[in-house]
Visitor: 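Questions regarding the structure given below will be posed in turn.
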Amino acid sequence: MKLPDVLLLSLSLALIIIGIHLSLTQGIGVSYSVFMFAIAFLFWFQYRRMQSKAPVQSKSKKKGKKPKRKK
């Protein structure tokens, strides 16, 4: 994992903890936006992770590896 990925994951987890604290002390209406930012950062982290895996999968297909057939 690269540094931006670690920062996105850490920030999203911190926002989830802050959102839980806010929802317990002030209510769900106050913490709603914090939860939405946390979910947005989690989706961004997942998108970056899938983008980094995509070139690796396409390289293996270009090498011409044929699937083994059972006889």
Side-chain angles (χ1 to χ4, degrees):
M1 249 193 289
K2 294 182 181 179
L3 182 62
D5 295 334
V6 172
L7 290 175
L8 281 173
L9 186 61
S10 301
L11 185 60
S12 64
L13 292 177
L15 285 175
I16 288 173
I17 292 170
I18 291 170
I20 291 171
H21 174 71
L22 282 175
S23 65
L24 291 175
T25 57
Q26 297 179 2
I28 194 74
V30 175
S31 63
Y32 179 77
S33 60
V34 177
F35 282 125
M36 290 301 110
F37 277 116
I39 290 172
F41 285 135
L42 283 173
F43 281 138
W44 192 9
F45 169 74
Q46 186 69 22
Y47 175 76
R48 286 179 54 88
R49 201 166 133 199
M50 295 305 286
Q51 288 295 322
S52 67
K53 287 183 179 180
V56 175
Q57 292 174 353
S58 64
K59 285 181 184 177
S60 65
K61 290 180 181 177
K62 289 181 181 178
K63 289 183 181 179
K65 292 183 180 178
K66 296 180 181 176
K68 295 181 180 177
R69 295 183 182 176
K70 293 182 180 180
K71 293 182 180 181

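Bear in mind the structure is a predicted one, so any value in this text is a computation, not a measurement.
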Visitor: Please say whether more than 12 non-hydrogen atoms of neighbouring residues, nucleotides or ligands are located less than 6.0 Å from CZ in Phe35.
Guide: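 Correct, the count exceeds 12.
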Visitor: Please collect all salt bridge (Lys or Arg N to Asp or Glu O under 4.0 Å) contacts where either partner lies in residues 13-36, sequence neighbours excluded, each pair once.
Guide: none
Visitor: Test side-chain contact (heavy atoms from CB on, under 4.5 Å) on Met1 and Phe45 and set out the steps.
Guide: CA-CA 11 Å; Met1 249 193 289; Phe45 169 74; 3.7 Å; yes
Visitor: Residues in side chain to side chain donor-acceptor pair (under 3.5 Å) with Arg49, at least two apart?
Guide: none
Visitor: Kindly state each residue pair satisfying salt bridge (Lys or Arg N to Asp or Glu O under 4.0 Å) with at least one member in residues 6-34, sequence neighbours excluded.
Guide: none
Visitor: Suppose we screen for side-chain contact (heavy atoms from CB on, under 4.5 Å). Which residues come up paired with Leu42, at least two apart in sequence or across chains?
Guide: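 Only Leu9, Ser12, Ile16 meet the side-chain contact (heavy atoms from CB on, under 4.5 Å) criterion with Leu42.
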Visitor: Could you list all the salt bridge (Lys or Arg N to Asp or Glu O under 4.0 Å) pairs where at least one residue sits in residues 9-31, not counting sequence neighbours?
Guide: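 Matches after skipping sequence neighbours: none remain.
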Visitor: Considering only residues two or more places apart or on different chains, which pairs with a residue in residues 6-27 satisfy salt bridge (Lys or Arg N to Asp or Glu O under 4.0 Å)?
Guide: none
Visitor: Just jot down the side-chain contact (heavy atoms from CB on, under 4.5 Å) partners of Ile39, sequence neighbours excluded, or say none.
Guide: Met36, Phe43
Visitor: Which ILVMFWY residues can you reach from Leu3 by hopping between side chains whose heavy atoms are under 4.5 Å apart?
Guide: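 Reading the cluster by chain and number, Leu3 sits alongside Leu7.
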Visitor: Can you tell if the side chain of Leu8 reaches within under 4.5 Å of the side chain of Pro4, non-hydrogen atoms only?
Guide: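 Of all side-chain heavy-atom pairs linking Pro4 with Leu8, none is under 4.5 Å.
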Visitor: Tell me, which pairs form a side-chain hydrogen bond (donor to acceptor under 3.5 Å, both in side chains) where one or both residues lie in residues 29-48, sequence neighbours left out?
Guide: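 Passing the test, one end in residues 29-48: Asp5-Arg48.
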Visitor: Which donor-acceptor pairs under 3.5 Å do the side chains of residues 17-30 make with protein atoms, sequence neighbours left out?
Guide:
{"residue": "Ser23", "atom": "OG", "partner": "Gly19", "partner atom": "O", "Å": "3.2"}
{"residue": "Ser23", "atom": "OG", "partner": "Ile20", "partner atom": "O", "Å": "2.9"}
{"residue": "Thr25", "atom": "OG1", "partner": "His21", "partner atom": "O", "Å": "2.9"}
{"residue": "Thr25", "atom": "OG1", "partner": "Leu22", "partner atom": "O", "Å": "3.4"}

